[in-house]
Amino acid sequence: MTTIELDSNYVMHTYGRLPVVFVRGEGCFVYDENGRKYLDFVAGIAVNGLGHCPPKVVEAICSQAGTLMHTSNLYHTTPQPQLAKLLADASGMNKVFFCNSGAEANEAAFKLVRKAAKAAGQPKKTEIITAEQSFHGRTLAAITATGQPKYQSAFTPLAPGFKYVPYNDVSALKSAANEKTCAIMMEPVQGESGVHAATKEFLSAARQLCDEYGAGLIFDEVQTGLGRTGKLFGFQNYDIAPDIMTLAKTLGGGFPIGACLARDKYADVFEPGDHASTFGGNPLACAAAIACVSEIIDGGWVDNSLEVGAYFMDKLRKLPGIKEVRGLGLMIGAEFVEPVAKTLAATALDRGLIVNAIGDHILRFVPPLIVTKELVDKAVEIIAE
Ligand SMILES: *Cc1c(COP(=O)(O)O)cnc(C)c1O
């Protein structure tokens with residue numbers, strides 16, 4: 001059987017996969033089983049921030065794999081607190097809980113804010129406000145937080161206690177918040193629904209409402225975090241600090257790891273027994289993440305994201321048939337006047353460029369943060385063709 005036949009017969013059909021089998025990657029390129037080379041502007045959907053097989057991450061994984069991969073979280077290991085300090089120092093947060101994915105990081109955040117309210121003697125303070133068109137992951141509470149019925153309707157009943165407001169609608173947010181609000185959760189830039197950045201007014205209103213009602217402001221930075229938006233964290237584009245922030249995607253440079261970070265009173269809410277993850281924060285994942293995060297910070301890749309991102313958006317705006325180009329840093333959406341996105345993505349793949357179509361009108365670009373202007377030129381040339 002071919003790989004595609006094996007996949008079709010034995011793997012659950014949760015993905016409408018494109019007919020290509022990738023076997024190897026290096027930098028901004030991946031290679032299929034026939035040795036064809038592709039320029040990768042999807043990068044694992046914002047996971048391969050340093051490109052494919054970044055040497056420092058590979059070295060850290062190999063070395064840690066031969067030393068200690070896993071022990072129970074009932075014992076101390078060296079990489080986990082080192083990574084926690086690195087993330088805390090870089091973000092202004094105080095403490096970190098480690099898990100394995102974005103959805104799990106968000107689950108930790110939901111439990112954290114619910115417990116914080118109960119610990120403060122407010123058991124009725126349970127509501128979490130999120131945005132329409134958001135994306136927070138695929139576990140049951142995460143799809144509940146995700147304000148898109150298409151991800152929810154087959155799986156009801158959903159988790160209770162979630163409320164939605166249109167993204168960037170300040171007055172809707174004000175009417176939704178009240179004494180029962182225990183958190184407001186937002187992505188600084190919505191990725192999954194076509195790359196829409198929050199307005200400063202919207203995020204400051206969220207911050208003010210959280211302060212007014214004693215609720216926690218959660219930023220889901222699973223996609224926007226770690227250089228993607230041209231700042232190390234998305235919230236730094238707005239000068240609005242969340243109480244809780246979730247990370248995953250780029251964090252491990254391709255290795256699975258998620259994190260829920262919290263500051264001030266939220267940093268010390270969890271006590272032994274409240275929350276756990278068997279694999280979360282194991283030495284292998286943390287070694288990969290230490291190597292990845294250090295390289296993103298020390299290698300100047302955040303500035304590269306800002307500079308090459310601006311260059312890329314400029315070039316996209318000059319393409320024929322473009323309605324709007326939007327985004328921050330290297331998190332970019334290009335909306336076309338005609339419904340050409342799916343055809344463009346399929347044709348681009350044929351010509352050796354990987355891009356992601358969102359619906360019929362939008363292409364999403366989340367290339368590695370190490371991408372160059374030359375590679376952007378090449379990608380734009382293929383799209384123009
Ligand atoms: C990808 C993503 C998630 C889900 O992460 P998983 O690792 O797939 O669970 C959550 N929130 C945002 C903003 C994402 O982009």
Side-chain angles (χ1 to χ4, degrees), residues 12 14-15 17 42-49 97-113 128-148 150-152 155 159 162 164 167-168 183-198 202-203 206 217-229 231 233-235 237-238 242 244-261 277 279-281 285 288-289 292 327-333 356 358 362 364-369:
M12 288 192 192
T14 54
Y15 306 98
R17 297 195 217 269
V42 170
I45 312 194
V47 166
N48 304 97
F97 171 81
F98 289 108
C99 50
N100 312 288
S101 67
E104 282 177 75
N106 289 335
E107 293 278 346
F110 303 146
K111 288 179 69 175
L112 184 56
V113 291
I128 298 171
I129 301 173
T130 68
E132 290 170 7
Q133 302 303 316
S134 58
F135 186 79
H136 299 295
R138 301 296 199 122
T139 59
L140 205 49
I143 59 166
T144 307
T146 294
Q148 301 193 57
K150 69 173 180 184
Y151 293 123
Q152 301 170 328
F155 308 106
F162 286 82
Y164 315 95
Y167 196 57
N168 283 339
I184 298 176
M185 180 189 219
M186 293 291 157
E187 298 154 88
V189 183
Q190 288 189 335
E192 227 271 340
S193 58
V195 188
H196 296 273
F202 187 61
L203 295 186
L217 181 61
I218 308 171
F219 281 172
D220 176 343
E221 295 238 21
V222 168
Q223 189 164 157
T224 52
L226 299 163
R228 178 56 51 196
T229 66
K231 300 272 186 191
F233 299 104
F235 74 80
N237 289 289
Y238 297 90
I244 294 156
M245 170 171 72
T246 55
L247 298 173
K249 294 214 160 88
T250 295
L251 182 55
F255 199 90
I257 178 168
C260 173
L261 292 73
S277 164
F279 291 120
C292 177
L328 286 173
L330 282 171
M331 185 167 177
I332 299 169
N356 174 229
I358 296 179
I362 302 167
R364 168 168 53 171
F365 305 96
V366 280
L369 309 178

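Each ligand, and each atom within it, is numbered from 1 in the order the structure gives.
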Participant: When rounded to the nearest 0.5 angstrom, what distance separates OG in S101 from CG in N106?
Facilitator: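 CG of N106 is found 8.5 Å from OG of S101.
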Participant: Just jot down the ring-ring contact (aromatic ring centres under 6.0 Å, His included) partners of F155, sequence neighbours excluded, or say none.
Facilitator: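 Counting only residues at least two positions away or on another chain, F155 forms no ring-ring contact (aromatic ring centres under 6.0 Å, His included).
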Participant: Angle class for the Y167/F202 ring planes (parallel below 30°, perpendicular above 60°, tilted otherwise)?
Facilitator: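 Ring orientation, 0 to 90° scale: perpendicular.
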Participant: For residues S134 and M186, determine if any side-chain heavy atom of one lies less than 4.5 Å from a side-chain heavy atom of the other.
Facilitator: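 SC-SC contact between S134 and M186 ruled out.
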Participant: CD1/I143 to NE2/H136 distance, rounded to the nearest 0.5 angstrom?
Facilitator: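 Output value for this atom pair is 12.5 Å.
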Participant: With hydrogens left out, which residues have an atom under 4.0 Å from ligand 1, given that only heavy atoms count?
Facilitator: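 Around ligand 1, where the cutoff is 4.0 Å for heavy atoms, the contacting residues are S101, G102, A103, N106, F135, H136, G137, E187, D220, V222, Q223, K249.
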Participant: Given side-chain contact (heavy atoms from CB on, under 4.5 Å), test V195 with I362 step by step and report yes or no.
Facilitator: CA-CA 9 Å; V195 188; I362 302 167; 5.8 Å; no
